[in-house]
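Okay, structure first, notes after.
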Amino acid sequence: AQIGDEIFLIGGETSSGKTNLVEIYSLTSGEINQAPSLPNPRSGMAAVACGDTIYVVGGFEGDNDQAVPTVQYLVTTFTPVQVGDQPPLPQSALLVKGYPNPFNGFITFRVQVPYRDDYRMNIYNITGSLVKTIFHGQLNAGTQYYQWDGTDEGGNSVASGLYLFMVKSSRDIQKFKVIYVK
């Protein structure tokens, strides 16, 4: 999987069997550096980069090539902090989380609303087209929960891929990346 000028080499087969190694090849410097390893050795899996996260899907583990039914992820960004630095201020008081992500079946969104306002919550595909309106109306301050089942406005199942959950009020916009896997 590639993010920016780095290629992530994940797992695979060695002369002694499957490995959990994660190495990063820099296209700029030509150097290979080691990253934190996967929890378990595996081979034959797929990896996809989405933003600063790499998702490792499926594959095989063990000597008998047992199928791996899980998705693991590696977050590739680190925030260096120097002594005396002030932490960055939040860009928005509106907070959005979603779980499980990636999802198959449905995803639950937790939306923390900071003030009473008119809110619009929509799902968009990667081309920016509206897929489904999750909510539109007035909300009071507090935590709200919403679910999306991977369908469009017509009730049709959408394709596997990357989607964007966007919450918009008169003062804030918050976006949350969602990966749907069938």
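Computed from a prediction, not measured in an experiment: that's the story for all the values here.
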Using 0.5 Å steps for rounding, measure from the [atom1] atom of [X] to the [atom2] atom of [Y].
X: Lys177; Y: Tyr163; atom1: NZ; atom2: OH; answer: 16.0 Å
X: Asp118; Y: Leu139; atom1: CG; atom2: CG; answer: 8.5 Å
X: Gln2; Y: Tyr25; atom1: CD; atom2: OH; answer: 11.0 Å
X: Ser43; Y: Asp65; atom1: OG; atom2: CG; answer: 6.0 Å
X: Glu6; Y: Asn33; atom1: CD; atom2: CG; answer: 8.5 Å
X: Ile24; Y: Leu9; atom1: CD1; atom2: CG; answer: 9.0 Å

side-chain contact (heavy atoms from CB on, under 4.5 Å) assessment of Val111 paired with Thr143
CA-CA 6 Å; Val111 181; Thr143 302; over 6 Å; no
Answer yes or no: is there a donor N or O on one side and an acceptor on the other, between the side chain of [X] and the main chain of [Y], under 3.5 Å?
X: Glu153; Y: Thr133; answer: yes
X: Arg116; Y: Gln138; answer: no
X: Asp117; Y: Ser169; answer: no
X: Asp149; Y: Phe106; answer: no

For a quick test of reading the model, state the closest non-hydrogen atom pair linking [X] to [Y] and the distance between them.
X: Ile3; Y: Thr53; answer: CD1-N, 4.2 Å
X: Glu23; Y: Ile32; answer: CB-CG2, 3.8 Å
X: Thr151; Y: Val131; answer: O-CG1, 4.2 Å
X: Val56; Y: Arg42; answer: CG1-NH1, 3.3 Å
X: Ala1; Y: Ala47; answer: CB-CB, 4.2 Å
X: Val158; Y: Lys182; answer: O-CE, 2.7 Å

Under the rule for ring pair (Phe, Tyr, Trp, His ring centres under 6.0 Å), what residues qualify as partners of Tyr119, not counting sequence neighbours?
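In terms of ring pair (Phe, Tyr, Trp, His ring centres under 6.0 Å), with neighbours along the sequence ignored, Tyr119 is linked to no residue.
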Cluster check Phe60, Tyr55: I/L/V/M/F/W/Y, side chain < 4.5 angstrom:
no
Tell me whether Ile126 shares a hydrophobic cluster with Val181, the cluster being built from Ile, Leu, Val, Met, Phe, Trp, Tyr side chains joined at under 4.5 Å.
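Hydrophobic grouping puts Ile126 with Val181.
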Ring centres under 6.0 angstrom apart (Phe109, Tyr146):
no
Between Val113 and Gln144, is the side-chain contact (heavy atoms from CB on, under 4.5 Å) condition met? List the steps.
CA-CA 7 Å; Val113 175; Gln144 313 288 328; 4.0 Å; yes
With no hydrogens and no angle check, just 3.5 Å: does a side-chain donor-acceptor pair link Gln147 and Thr108?
yes
Does a donor on one side chain and an acceptor on the other come within less than 3.5 Å for Asn101 and Tyr180?
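No, no side-chain donor-acceptor pair sits under 3.5 Å.
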Would Lys18 and Glu13 pass as an ion pair if we require N to O under 4.0 Å?
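Looking at Lys18 and Glu13, the cut-off is met.
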Flag this pair as yes if the NZ/CZ of Arg171 is under 6.0 angstrom from the six-membered ring centre of Tyr115 and inside a 45 degree cone about the axis; otherwise no.
yes
With a 4.5 Å heavy-atom cut-off, do [X] and [Y] have their side chains touching?
X: Phe165; Y: Val96; answer: yes
X: Phe103; Y: Trp148; answer: yes
X: Leu164; Y: Ile123; answer: no
X: Lys168; Y: Ile173; answer: yes

Would you say CG of Leu27 has more than 12 non-hydrogen atoms from neighbouring residues, nucleotides or ligands within 6.0 angstrom?
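Yes.
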